[in-house]
There are 2 protein chains.
Amino acid sequence: MIEFRPDLPKYEQLAAEIRRRISDGVYQPGAPIPGEPRLAEEFHIARRTARKAIELLIKAGDVYTARSIGTFVSQPPQETPGSTAE
Amino acid sequence: MIEFRPDLPKYEQLAAEIRRRISDGVYQPGAPIPGEPRLAEEFHIARRTARKAIELLIKAGDVYTARSIGTFVSQPPQETPGSTAE
DNA sequence: AGATATTTGTTCGTATGTATC
DNA sequence: GGATACATACGAACAAATATC
């Protein structure tokens, strides 16, 4: 039985969704994103799978986690060093 | 790429390597060996393959595993039953 | 001080699907 | 078809750090 797999793994889909929410300002820099148990529940996936999505985001520098505290959106790198930013 | 099998399966090779390390005292009786994720990473194999190697060692009595905890080197059987052992 | 709950971090145990030999 | 091997995924449990009561 031929079985293509047009969709990405769940953990990649979740990582993309979280990135989308960061881009949209739903999750703002410095603010926490939902915890692993919450994400697992919301997306109907295992906690370990939610964690794998977060691990992708950590490696990419999009978020950082503080153990026992939570996961937070990284501060975006200053892109216009000549402007009023400080 | 034609691949005869001059070598054993990876999981047997890994099992042999772990046995070697036990013999050499790198992994000592009662002490833990690296977990499946660690072995998979170190030897560049899938976690499932690392597990198969450990399963061989378990069947042989070389190690034992405690779920969610880790895998440990078995205590060697007393070989001189006539001595102070009881 | 002690106990409890929460959250990240990690592990073993298991199953499924895919691919190759 | 079976054996090997990989990636994905769920489940359960343990561990450590933190916060709260």
Side-chain angles (χ1 to χ4, degrees), chain A residues 1-19 21-22 27-75, chain B residues 1-19 21-22 27-75:
Chain A
M1 192 218 296
I2 303 174
E3 264 276 354
F4 285 93
R5 23 190 58 232
D7 40 56
L8 297 170
K10 290 183 179 181
Y11 68 89
E12 285 198 19
Q13 289 183 49
L14 175 54
E17 173 61 22
I18 294 175
R19 280 203 180 94
R21 294 184 182 183
I22 292 175
Y27 303 149
Q28 299 206 345
I33 70 173
E36 292 165 11
R38 279 293 303 268
L39 291 173
E41 197 176 334
E42 177 176 354
F43 291 91
H44 304 92
I45 57 178
R47 198 199 124 193
R48 190 66 187 80
T49 303
R51 168 136 195 84
K52 288 188 73 171
I54 292 176
E55 284 171 354
L56 286 184
L57 299 174
I58 293 173
K59 283 178 188 161
D62 296 314
V63 303
Y64 62 93
T65 68
R67 186 184 179 134
S68 312
I69 304 294
T71 300
F72 304 84
V73 180
S74 301
Q75 302 294 337
Chain B
M1 194 219 297
I2 303 175
E3 266 277 355
F4 283 93
R5 18 180 70 220
D7 40 44
L8 298 169
K10 290 185 178 181
Y11 67 91
E12 286 197 17
Q13 290 183 47
L14 176 54
E17 172 62 21
I18 294 174
R19 280 204 181 94
R21 294 185 181 182
I22 292 174
Y27 303 149
Q28 300 205 346
I33 69 174
E36 292 166 10
R38 281 292 304 268
L39 291 173
E41 200 177 330
E42 178 177 352
F43 291 91
H44 303 93
I45 57 178
R47 197 196 128 191
R48 188 69 186 80
T49 304
R51 168 136 194 85
K52 290 184 75 171
I54 292 176
E55 284 171 353
L56 287 184
L57 298 175
I58 293 173
K59 283 178 188 162
D62 296 313
V63 302
Y64 62 94
T65 67
R67 183 184 183 133
S68 307
I69 304 293
T71 299
F72 304 84
V73 179
S74 302
Q75 303 293 338

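Values below: every heavy atom of this structure, side chains too, minus hydrogens, waters and symmetry copies. Letters A, B, ... are given to chains in the order of the sequence lines, protein chains preceding strands, and every chain is numbered from 1.
Salt bridge absent: A/Glu42 and A/Arg38 never bring a charged side-chain N and a carboxylate O closer than 4.0 Å.
Within 4.0 Å (heavy atoms only), B/Ile45 reaches sugar-phosphate atoms of the nucleic acid but no base atom.
What separates CZ of B/Arg48 from P of D/dC6 is a distance of 11 Å, to the nearest Å. One atom, CD of A/Glu55, and another, P of D/dT8, lie 12 Å apart when rounded to the nearest Å. Rounded to an integer number of Å, the gap from CZ of B/Arg47 to P of D/dT8 is 14 Å. Regarding A/Ile58, its CD1 atom lies at a distance of 16 Å from the P atom of C/dT7, rounded to whole Å. To the nearest angstrom, P of D/dT4 lies 12 Å from CD of B/Gln13. Between the P atom of C/dT7 and the CD1 atom of A/Ile33 lies a distance of 13 Å, rounded to the nearest Å. Rounded to whole angstrom, the span from the NZ atom of B/Lys10 across to the C1' atom of C/dA19 amounts to 13 Å. Across the protein-nucleic acid pair, B/Leu14 atom CG and D/dA5 atom P stand 10 Å apart, rounded to whole Å.
Residues B/Phe43 and B/Leu14 approach most closely at CE1-CD1, 3.5 Å, considering heavy atoms. In this structure, A/Leu56 and A/Arg19 approach most closely via the heavy-atom pair O-NH2, 4.3 Å. A pairwise comparison of heavy atoms in A/Gln28 and A/Val73 identifies O-CB, 3.4 Å as the closest pair. The heavy-atom pair separating A/Ile54 from A/Glu36 by the smallest distance is CD1-CG, 3.7 Å.
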All N/O pairs under 3.5 Å across the protein-nucleotides 18-21 of chain D interface:
none

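Distances shorter than 4.0 Å separate none of the side-chain N or O atoms of A/Tyr11 from OP1 or OP2 on D/dA9. One finds no side-chain N or O of B/Thr65 lying less than 4.0 angstrom from the OP1 or OP2 phosphate oxygen of C/dC12. Look at A/Arg51 and you'll find a side-chain N or O under 4.0 angstrom from OP1 or OP2 of C/dG9.
Closest to the side chain of B/Pro9, out of C/dT8, D/dA5, C/dG13, is D/dA5.
In this structure a side-chain-to-backbone donor-acceptor pair under 3.5 Å is present from A/Ser74 to A/Asp62. B/Thr65 places no side-chain N or O within 3.5 Å of a backbone atom of B/Gly70 that could act as its donor or acceptor partner.
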